[in-house]
Amino acid sequence: MIRVRFAPSPTGNLHIGTLRTALFTWLFARRHKGVVVLRIEDTDMQRSSTEFEVNIFEGLEWFGLDNDEGPREGGEYGPYRQSERIEAGIYSGYIETLLASGHAYYCFDTAKELSVERDAAMATGVPYKYSRKALELSEGEVKAKLDAGEAYTIRFKMPDSGWLKYKDMVRGKIAFDNSLISDFVIMKSDGTPSYNFAVVVDDLAMKISHVIRGEDHISNMPRQAAVFAALGATLPEYGHLPMILGPDKAKLSKRHGATSVTEYRDQGFYSPALFNYLSLLGWSPEGQEEFFTKDEIVSLFSTDRVAKANAVFDQRKLTWMNGQYLRRLDVETYEAVILEHLDAGLKADIEVLGDDALSKALLAVRGNLEVLNDINTYGAVFVKTQKEYESDIAEISFSESNIDVLTRFRAILKPEGFSRESFDAGMAVVLEQTGLGKGAVFLPIRLAVSGQKAGPHLGDFAEVVGVETILARLSYVISLT
RNA sequence: GGCCCUAUCGUCUAGUGGUUAGGACGCCAGGUUUUCAUCCUGGAAACCGGAGUUCGAUUCUCCGUAGGGCUACCA
């Protein structure tokens, strides 16, 4: 049975990079009909908060990644928060085992002593390894220090020789020399387990079969593998994903603008579009097609087509893809989706214009939208107040020819039987009558009836605001001369 | 400094021991459209460098270089 886990740390909002890891992990599991476990790695009490945990849940849900086991779903390998696992004594049990087998030992060095060691090693160009001073303590000395209440950590004793060799699902063969790795802390002085230890215990206890995570964890492999070995367990399969970078090729972070998933949601990105885009960042199926549904991606996904090189997150392309999704949606879905982002005030104002006004207006500006929130910019033209309209008009100068065009158009436009088509036909007549170019006819009409030089198709616009408004505005402009 | 990973248009990527090195975003030009947008057509744009292997390397090997990661009582 394939069991994967997604293990975010609630020390910040759900990040695009973290989401991509979750996505690939999820895709792998769903592709192979496996189980997805969500585990919250909140051993860092200082930085973790439930607010961030909630944001992570929210982001995953919006994006469309579900999990079979987790803090909210429960499951037979719970609890699924490391903080709760600490309370349950899960880690201390394993610590005892390691202590008893000689794979771990108490360490009483202070932070200052350790940094002196480290600086000395750095200065001589030797890779730093803990001196193992604590290992020279006799059992009696250790007990005495413990009894005296001295602060301590527990370190894992790395093997002095041998290599960790494994085959990465994404990168192929990888090897590390164990003798270069320092003994590392597995239990901090506050009694909580460190990451490299907790992760192993949990992956083992939760029977995780495949670990898919970011490349930043590759260097942790020899440490984690050594703990697995010391516990007499076999290593799960591992796949390390390339990182997502900002435009400056540095690891994606806050200074690159929006990085939290809920921010993308709030800006009006449609989650299936983000899903599609992110799936193609570091992975590609065969062929040239770029648009895939979630189900298609699940059935196509495979770790051996995951890229090895880091990828820059291109917001331009995401935005383009989002616009494509908006245009490809069926009308009902499009309206439902866009309505969630339409300002209530703007919505009410448009609805006042008539029964189908809202629907027509939303459709009229569809081609202009990239993100859902754009509707509030492009939709405003439909509900300009008279005052706003007049002040827009005041900025525009109409020539005699323009006024002639407007006058002719006003004469042709009839309130009876008005439609988008009759509006267009009316403009065509003016075109013929005057013999002017398209621009010389259409632009002044657009300016006169909308007060701006860009916007939705005028026939659509007229249908929404009503022929009376159009006629009134034509007359208004004509009357100014 | 040490260790690990990586390297195809500006960006995301496909691909191959012999290809006009393909697609997409962006950019430029033209067209459709009433303007903008959409849409259509076309264009510019890449195999990091040096050795080696080979009849032939972008592709395989090595060495550089560059970028990224790790080197914590963060995860």
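Lettering follows sequence order; numbering is per chain, from 1.
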Query raised in the report: If we take the C1' atom in both B/A66 and B/C73, what is their distance in whole Å?
Result: 35 Å

**Report entry** G-U wobble or Watson-Crick pairing nucleotide for B/A75 (cut-off 3.5 Å, both distances)
**Finding:** none

Query raised in the report: Between B/C74, B/A14, B/C4, which one does the side chain of A/R305 approach most closely?
Result: B/A14

Query raised in the report: Contact class for A/G214 vs. all strands (heavy atom < 4.0 Å): base, sugar-phosphate, or nothing?
Result: nothing

Report summary line: Atom CE of A/M221 and atom P of B/C5 are separated, to the nearest Å, by 12 Å

Query - hbond_proxy A/R327 side chain to B/U38 base (donor-acceptor, 3.5 Å cutoff) - result: no

Query raised in the report: When all nucleic acid strands are considered with a 4.0 Å heavy-atom cut-off, which category describes A/T43: base, sugar-phosphate, or nothing?
Result: sugar-phosphate

**Report entry** Basic-acidic side-chain contact under 4.0 Å: A/R316, A/E370
**Finding:** yes

Query - Under 3.5 Å side-chain donor-acceptor pair for A/D404 and A/S401 - result: no

Query raised in the report: Any idea which of B/C12, B/G26, B/C70 is nearest the A/V312 side chain?
Result: B/C12

Query raised in the report: What does A/N220 touch in the nucleic acid at a heavy-atom separation under 4.0 angstrom: a base, only the sugar-phosphate, or nothing?
Result: base

Requested in this report: For A/E215, report the nucleic acid contact type (base, sugar-phosphate, nothing); a contact means any heavy atom under 4.0 Å.
Outcome: base

Report summary line: Which of B/A75, B/G23, B/A72 is nearest the side chain of A/R118? It is B/A72

Requested in this report: Look at atom NZ of A/K294 and say whether more than 12 heavy atoms of other residues, nucleotides or ligands are closer to it than 6.0 Å.
Outcome: yes

Requested in this report: State which residue, out of A/F269, A/F275, A/Y270, fulfils the ring pair (Phe, Tyr, Trp, His ring centres under 6.0 Å) condition with A/Y264.
Outcome: A/F269

Query raised in the report: According to a strict under-4.0 Å criterion, is A/K129 in side-chain N/O contact with OP1 or OP2 of B/C3?
Result: no

Report summary line: Taking B/C25, B/U13, B/C4 as options, the one with an atom nearest any side-chain atom of A/S284 is B/U13

**Report entry** Ring centres under 6.0 angstrom apart (A/F24, A/F6)
**Finding:** no

Query raised in the report: Checking all strands, does A/R155 fall into the base, sugar-phosphate, or nothing category for heavy-atom contacts under 4.0 angstrom?
Result: sugar-phosphate

Report task. Answer yes if the ring centres of A/F301 and A/W283 are under 6.0 angstrom apart, and no otherwise. Result -> yes

Report task. Pick base, sugar-phosphate or nothing for A/L458, based on heavy-atom distances below 4.0 Å to the nucleic acid. Result -> base

Report task. Check every strand shown and say whether A/D374 touches a base, only sugar-phosphate, or nothing at a heavy-atom separation below 4.0 Å. Result -> nothing

Report summary line: Looking only at B/U38, B/C25, B/C73, the nucleotide nearest the A/Q324 side chain is B/U38

**Report entry** Plane angle bin for A/Y105 and A/Y130 - parallel if under 30°, tilted between 30 and 60°, otherwise perpendicular
**Finding:** parallel

**Report entry** Proximal nucleotide (of B/C73, B/C25, B/U6) relative to the A/L114 side chain
**Finding:** B/C73

Query raised in the report: Between B/C39, B/U6, B/G26, which nucleotide gets closest to the side-chain atoms of A/R171?
Result: B/U6

Query raised in the report: If you check the A/N310 side chain, which of B/G68, B/C3, B/G22 turns out closest?
Result: B/G68

Requested in this report: Describe the nucleic acid contact of A/P456 in one word from base, sugar-phosphate, nothing, applying a heavy-atom distance below 4.0 Å.
Outcome: base

Report task. Choose from B/C12, B/C70, B/A75 the nucleotide whose nearest atom is closest to any side-chain atom of A/A311. Result -> B/C12

Report task. Name the nucleic acid region contacted by A/R223, choosing base, sugar-phosphate or nothing; use a 4.0 angstrom heavy-atom cut-off, strictly under. Result -> sugar-phosphate

Query raised in the report: Mapping A/S219 and A/Q288 onto RNA chain B by nearest heavy atom, which one lands closer to the 5' end?
Result: A/Q288

Query raised in the report: Which is true for A/H240 with a 4.0 Å heavy-atom rule: it touches a base, it touches only sugar-phosphate, or it touches nothing?
Result: nothing

Report task. May I ask you to say what A/T153 touches in the nucleic acid, namely base, sugar-phosphate or nothing, with a heavy-atom cut-off under 4.0 Å? Result -> base

Report task. Mind checking A/N368 for me? I need base, sugar-phosphate or nothing, with any heavy atom below 4.0 Å counting as a touch. Result -> base

Query raised in the report: Between A/P242 and A/K173, which is nearer to the 5' end of RNA chain B once each is assigned its nearest nucleotide?
Result: A/K173

Requested in this report: Indicate, with a heavy-atom threshold strictly under 4.0 Å, whether A/A151 touches base, sugar-phosphate, or nothing.
Outcome: nothing

Requested in this report: Starting at atom CD of A/Q452, determine the distance to atom P of B/C36, rounded to an integer number of angstrom.
Outcome: 14 Å

Query raised in the report: Are OP1 or OP2 of B/A75 and a side-chain N or O of A/Q46 less than 4.0 angstrom apart?
Result: no

Query raised in the report: Using purine N1 to pyrimidine N3 plus N6-O4 or O6-N4 for Watson-Crick, or N1-O2 and O6-N3 for G-U wobble, each under 3.5 Å, what pairs with B/C3?
Result: B/G69

Query raised in the report: Hey, would you say the A/Y195 and A/H217 ring centroids sit under 6.0 Å apart?
Result: yes

Report task. Give a yes or no on whether a donor-acceptor pair under 3.5 Å exists between the nucleobase atoms of B/U34, that is its base, and the side chain of A/H457. Result -> yes

Report task. Measure from the side chain of A/L180, starting at C-beta and using heavy atoms only, and say which of B/C3, B/C73, B/A75 lies closest. Result -> B/C3

Query raised in the report: Under 4.0 angstrom, heavy atoms only, what part of the nucleic acid is A/S9 near: base, sugar-phosphate, or nothing?
Result: sugar-phosphate

